[in-house]
Amino acid sequence: MKKKPVDQLSPRVARAEHALLGAEIAAHDRAYYQDDAPTISDADYDALRRRYNALEEQFPELLTAHSLSAKVGAAPSQKFAKVRHSVAMLSLGNVFADEEVYEFVARVKRFLGLAEDAPLAFVAEPKIDGLSCSLRYERGALVQAATRGDGFEGEDVTANVRTLADAPKHLRGDAPAALDVRGEVYMRHEDFKTLNLRQAEAGKPLYANPRNAAAGSLRQLDAAITASRNLHFFAYTWGEASELPAQTQTGMLAFFEKAGLPVNPLAKRCANADEMIAHYRLIEQKRATLGYDIDGVVYKVDDIGLQNRLGFASRAPRWAVAHKFPAERATTILRDIEIQVGRTGALTPVARLDPVTVGGVVVQNATLHNEDEIARKDIRIGDTVVVQRAGDVIPQVVEALLDKRPANAMPYAFPHICPACGSAALREMDESGAADVVRRCTGGLICPAQAVERLKHFCSRLAMDIEGLGDRQIELFYKQGIVKNPADIFTLQKRSARGAFDLTRWEGFGETSVRNLFVAIEAARKPALNRFIYALGVRRIGETNARRLARHFGSFEALRAAALTDDGLAEINAIDGVGAVVAEAVVDFFREAHNETVLDELLAEVAPQPMEAVAASSPVAGKTVVFTGSLERLTRDEAKAQAERFGAKVAGSVSKKTDLVVAGPGAGSKLAKAEELGIEVISEDDWFKRTGQE
DNA sequence: TCCCCTCGAGTTCA
DNA sequence: CTCGAGGGGA
């Protein structure tokens, strides 16, 4: 059915269609997000969405009728219980080039204090493109299975995993009292094909790729459906274990195999980087004939003792890395370049593309990063461009194909005024005269785009976490003029009661949802100090720096008072991890006259909670430690990593700020200095005892 | 002064 | 998830 262009509709017809579309999209959203069973194709869904948005653009009054917005991205499915992983399921670092593999090996050796040419064995195994799962075995019996989730908490899919032939109910032979077996649930190509044929016959939607099919099949309410999907499993690592049956990765794989768990046959022990890369090439060659999807090769240090010594950097283990196959690419036409204005005024160019499938996903937008990026790649509107999904997720424009460029294509002129408020958009210079890569709107307080983005940030999950005040609601409230700054959120109810406006008459805000919104707002009146500081959106103050400030000052008043004095600037600057630039940003924020007013208004409504004193969770927390002499059980890097894990700060030299010196044999001047200053000196063994490691 | 790591900010899609 | 830049150790 061909629909009339939106600009030919009467407002009445538009309203009716908008309402119908809203209901339809909401139903699809529910099917997709909550039931894991999309009822239409992505393309059809996108068409509905586009039409819906076009209606709103043409008839802005429809924005008040937003029954849809409240539901999008709403609470995840409740049908699976949550499972907390006792050992987190982390992701891996990625490398793409051979060169980086050599660097990885060198980095590992350096951390372990090994010579460059010292022997060190790794295991190389295919990286299966499925979904990670943790299978808990107690006394050899499968008792629970959980998805990865966010790495810390997943979903309980025990009933479904029990239907997998690859997941034995009982392990063969001797098994530890408790063992989390981890691996990948995946679907083979032939099963994927059969499944989609069946879906098509039943008039059901097709799965985009085997991974989605595996994910959709595992997260079924009815385990009988999972059983019919013929999912497979490879074991390749473990989480919590009462005891380990082996001391190496290869040993563990052998144990898995003996216990009746499938292990990928292409896992191979390699003596050095050259062998690892050779095995990568071999796997790459076999990729097409494996019968299942893989997206790279994983290298792990074989020795588990060494794995433990290496430990984890912030997000990923130091002892493993994924060598990814080159990202899949596609070509499409760049129709337009749109400029978005961020909370800090940053102008970000986004490419609007003709829809194209890349790696099983339809891509229509891709970030172009910044002005220089567009110029460097000489990307022009109308160009045929190559698109890839970086790290498998974020689409990016790789290059423009010059031989397909339309003759009239002009170099892209990046706007020098803000598209939202018309203010000049400038690139800040640092002292050396180098221009910042980002061009920023200077409209600051008068720019509506920045104001809205700041409000969204204020309400967001990691900040004030006000449920019911999502992006759409904030845009609406701002547009309607009832929320202009953060304090306005907290006076909504009062003003509503006075009859300044009636939310319940705005479609999409029934009495219940308005009541819930007000409850959520009330609940946000006593935020944790760190969240409150983060919510203010001070430049350069993200989650971590906000926490550092909160911990140091303990109360908002203390922070604010300090920011207004010169000594305060120095004090902020002295906080570990906070330097001159960040301290300056904090002080600038509090000294801005408009911010003072906004803060006063906000603090009349909200009481950020003082922080409890920094928890002394370990005996060395908060202490400054110096390691000296030759350590026999730890390398310097390890010692440092350990100390930081226990909340201590590591310094390179002994001063009166030092709390503890850990001295090995041969300690010289540092030890003497420590004794001179009367600082406590302990041995390496004492360190292990002190930190409760033995 | 250089280099490495961490942090902030911005973004996509399903 | 990635890029750029700040912070801090060498």
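Within every chain, numbering begins at 1; the chains are lettered A, B, ... in the order of the sequence lines, protein sequences first and strands thereafter. Model, not experiment: these values are computed from the prediction.
One atom, CG of A/N365, and another, P of B/dT11, lie 11 Å apart when rounded to the nearest Å. The distance between atom CD of A/E100 and atom P of C/dT2, rounded to the nearest whole Å, is 11 Å. The interatomic distance linking A/R440 (CZ) with B/dG10 (C1') rounds to 10 Å, in whole Å. Remark: C1' of C/dG4 and CZ of A/R439 are 17 Å apart, rounded to the nearest angstrom. Atom P of nucleotide B/dC7 and atom CD1 of A/I575 are separated by 14 Å, given to the nearest angstrom. Distance CD (A/E543) to P (B/dG10): 15 Å, rounded to an integer number of Å. Residue A/D471 contributes atom CG, which lies 13 Å from atom C1' of B/dG10 at whole-angstrom precision. For the pair A/R110 CZ and C/dA10 P, the interatomic distance rounds to 14 Å; values are reported in whole Å.
Screening residues 345-356 of chain A for salt bridge (charged side-chain N to carboxylate O under 4.0 Å, His left out), with sequence neighbours left out, gives A/R335-A/D354, A/E338-A/R352.
Taking the salt bridge (Lys or Arg N to Asp or Glu O under 4.0 Å) definition, one finds that A/R547 meets it with A/E543, sequence neighbours left out.
Ranked by how close their nearest DNA chain B nucleotide is to the 5' end, A/A351 and A/Y534 are led by A/Y534.
Residue A/R548 has a polar side-chain atom (N or O) positioned under 4.0 Å from OP1 or OP2 of B/dC7. Between A/R539 and B/dG8 there is no side-chain N or O to OP1 or OP2 distance below 4.0 Å. At the phosphate of B/dG8, neither OP1 nor OP2 sits under 4.0 Å from any side-chain N or O atom of A/T344. Between A/T544 and B/dG8 there is a side-chain polar atom (N or O) within less than 4.0 angstrom of OP1 or OP2. An OP1 or OP2 oxygen of B/dT11 is reached within less than 4.0 angstrom by a side-chain nitrogen or oxygen of A/Q340. A close approach under 4.0 Å does occur between a side-chain nitrogen or oxygen of A/T348 and OP1 or OP2 of B/dT11.
Nearest to the side chain of A/V363, among B/dC13, C/dC3, C/dG7, sits B/dC13. Checking B/dT11, C/dG7, B/dC13 against the side-chain heavy atoms of A/V350 singles out B/dT11 as nearest. Of the candidate nucleotides B/dC13, C/dA5, C/dC3, C/dA5 has the atom nearest to the side chain of A/V437.
Contact annotation for A/N545: backbone-only contact, meaning every heavy-atom pair under 4.0 Å involves sugar-phosphate atoms and none involves a base. Counting non-hydrogen atoms under 4.0 angstrom, A/V438 reaches nothing in the nucleic acid.
The residues A/R540 and A/E584 are annotated as not salt-bridged, no charged nitrogen and carboxylate oxygen being separated by less than 4.0 angstrom.
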Can A/H457 and A/Y534 be said to form a ring-ring contact (aromatic ring centres under 6.0 Å, His included), step by step? CA-CA 9 Å; A/H457 173 77; A/Y534 174 65; 4.6 Å; yes

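By the 30° and 60° cut-offs, the orientation of the rings of A/F532 relative to A/F458 is perpendicular.
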